[in-house]
Amino acid sequence: MPELPEVEAIARTIEPLIAGRRILATRLLHPIVARNSPCDTDGPLSLANARARKVIGVCRRGKYLLIELDRGWLAYHFRLSGQFVWYDRRRPLGHVDFALDFPSGTLGFVDERHLGRVRWLDRPEDLPGIARLGLDPLSRDFSGERLAGVLRGSRRPVKLVLMDQEKIAGLGNIWTAESLWQARIDPRRRAETLSGRETRDLARSVARVVRRALKSCLDPAPDFRNPEWWFENGDKMARVYAREGRRCGRCGAVIRRVEQGGRSTYFCPGCQR
DNA sequence: ACGGAAACCTGGACGC
DNA sequence: TGCGTCCAGGTTTCCG
């Protein structure tokens, strides 16, 4: 479920719990989370490479969460329903798919839906999904000009381009919808038809929406010790997402839902042009 | 090369 | 209560 701001918040919050610690053991309780293809057997085995390694740090690329080890990396993708849960020594493991045991406790990757994935890698770029990631909205390089380069020549709806991880890394359905609302741009517009001014507005809106979402994800920060923890910022901050039939807080028109690329898109027909 | 649709999984919400 | 259907904040793969 998490998009860029949520994964960034998870990375920043989990790092102090595990940085500098050594992994005593890895436990793969549900091998499907380590599989890329239905008959892949290499993925699950390679996770054992993390055993006895020390954690250097934790970071994010796109929606991937990376744990850097003193040799190799662990790459997590939460997809729709994956999350981290922390168990200290006293508490028994709940439903966990993949666990890292530290002296101080266990970091569990939990995903009852089993769409999330964990991989061990020599280098992050070894995973094609990471190697091909596009521009990161939190990076200093993210600008109207760079966004213009991405939109130029694309006949696809601007919403689909924003969500294309090879173009812009980390945006998902919620924050894309919110960014387009912020910039007053209709998500159905062909990307190449945006003017220079609209493109600059959109870049500013994306950066602002993502930064504000990150801030709210960190206040309060995730509580990994509570297995039920989850972000609430989506509901609180959404101006259009999942608000079909309600009135736009900016112009009063009724918010619509349409389908794009098989996903729901929410927008205000009154002020998004 | 590009774009659209289906597949991958499971649980929860909703209607009858 | 039970059952069917639809939906979900994502990515990869397949197909035209």
Side-chain angles (χ1 to χ4, degrees), chain A residues 1-10 29-40 43 60-65 75-84 94-98 109-119 127-134 137 150-181 187-188 190-192 206 209-210 212-214 216-217 222 227-245 257-267:
Chain A
M1 279 150 104
E3 303 180 26
L4 180 158
E6 290 81 7
V7 180
E8 180 72 27
I10 292 169
L29 302 143
H30 206 132
I32 190 172
V33 302
R35 217 165 57 180
N36 340 301
S37 58
C39 46
D40 173 30
R60 172 196 62 80
R61 296 219 199 157
K63 297 173 200 167
Y64 289 87
L65 182 137
Y76 291 81
H77 199 298
F78 300 102
R79 297 271 179 101
L80 290 177
S81 50
Q83 60 174 322
F84 277 158
H95 168 88
V96 167
D97 296 309
F98 176 65
F109 178 74
V110 180
D111 187 357
E112 51 190 15
R113 220 172 133 185
H114 296 138
L115 288 168
R117 290 293 181 264
V118 190
R119 296 289 307 275
L127 196 59
I130 293 178
R132 290 201 293 261
L133 285 171
V150 163
L151 301 182
R152 192 173 298 133
S154 173
R155 305 169 53 77
R156 303 161 75 192
V158 60
K159 192 245 191 176
L160 296 185
V161 177
L162 290 180
M163 284 186 62
D164 184 338
Q165 300 301 301
E166 297 185 20
K167 303 286 191 285
I168 308 288
L171 294 181
N173 216 15
I174 293 190
W175 302 122
T176 300
E178 295 301 313
S179 299
L180 287 162
W181 180 84
R188 301 168 297 179
R190 303 279 149 202
E192 62 182 4
V206 167
V209 163
V210 162
R212 281 180 46 208
L214 170 59
S216 83
C217 285
E228 308 294 315
W229 80 273
W230 197 243
F231 299 105
E232 289 166 19
N233 60 329
D235 296 338
K236 279 188 299 196
M237 296 180 62
R239 295 291 172 265
V240 283
Y241 182 78
R243 295 176 64 86
E244 181 185 20
R257 180 177 79 94
V258 295
E259 194 161 293
Q260 290 183 291
R263 317 277 307 275
S264 290
T265 297
Y266 300 89
F267 70 103

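Where DNA chain B pairs in unbroken runs of 3 or more (Watson-Crick or G-U, both distances under 3.5 Å), the stems are B:2-8 with C:10-16, B:10-16 with C:2-8.
With C:dG9, C:dC7, B:dG4 as the choices, the nucleotide that has an atom nearest any side-chain atom of A:Leu160 turns out to be B:dG4. If you check B:dC8, B:dG3, C:dG9 against the side chain of A:Leu115, the one that comes closest is B:dC8. Counting only heavy atoms from C-beta on, A:Tyr64 has its side chain closest to C:dT11 among B:dG4, C:dT11, C:dG9. Of the candidates C:dG9, C:dC7, B:dC9, the closest approach to any side-chain atom of A:His114 belongs to B:dC9. With C:dA8, B:dG11, B:dG4 as the candidates, the nucleotide lying closest to the side chain of A:Arg113 is C:dA8. With C:dG9, B:dG11, B:dC9 as the choices, the nucleotide that has an atom nearest any side-chain atom of A:Arg263 turns out to be C:dG9.
For A:Arg61, the salt bridge (Lys or Arg N to Asp or Glu O under 4.0 Å) test picks out A:Glu125, with sequence neighbours left out. In this view, A:Glu3 satisfies the salt bridge (Lys or Arg N to Asp or Glu O under 4.0 Å) rule with no residue, not counting sequence neighbours. Shown here are the side-chain hydrogen bond (donor to acceptor under 3.5 Å, both in side chains) partners of A:Arg188, two or more places apart in sequence or in another chain: A:Asp186. Taking A:Gln83 as the reference, A:Trp229 meet the side-chain hydrogen bond (donor to acceptor under 3.5 Å, both in side chains) condition, with sequence neighbours excluded. Shown here are the salt bridge (Lys or Arg N to Asp or Glu O under 4.0 Å) partners of A:Arg152, two or more places apart in sequence or in another chain: there are none. Applying the side-chain hydrogen bond (donor to acceptor under 3.5 Å, both in side chains) rule to A:Arg132 yields the partners A:Glu166; only residues at least two apart in sequence or on another chain are considered. Partners of A:Arg79 under the salt bridge (Lys or Arg N to Asp or Glu O under 4.0 Å) rule, at least two apart in sequence or in another chain, do not exist in this structure.
Remark: A:His77 is not in phosphate contact with C:dG10, judged by side-chain N or O atoms under 4.0 Å from OP1 or OP2. OP1 and OP2 of C:dA8 both lie 4.0 Å or more from every side-chain N or O belonging to A:Tyr241. Of the side-chain N and O atoms in A:Gln165, none sit less than 4.0 angstrom from OP1 or OP2 of C:dG10.
In this structure, the side chains of A:Lys63 and A:Phe78 stay at 4.5 Å or more apart for every pair of heavy atoms.
Note on A:Arg117: nothing from the nucleic acid sits closer than 4.0 angstrom, heavy atoms only. Across all strands, A:Ser264 comes closer than 4.0 Å only to sugar-phosphate atoms, never to a base (heavy-atom distances).
The nearest whole Å value for the distance from the CG atom in A:Leu133 to the P atom in C:dG10 is 14 Å. Remark: C1' of B:dA1 and CZ of A:Arg132 are 13 Å apart, rounded to the nearest angstrom.
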Protein-nucleic acid N or O pairs under 3.5 Å, nucleotides 14-16 of chain C:
none

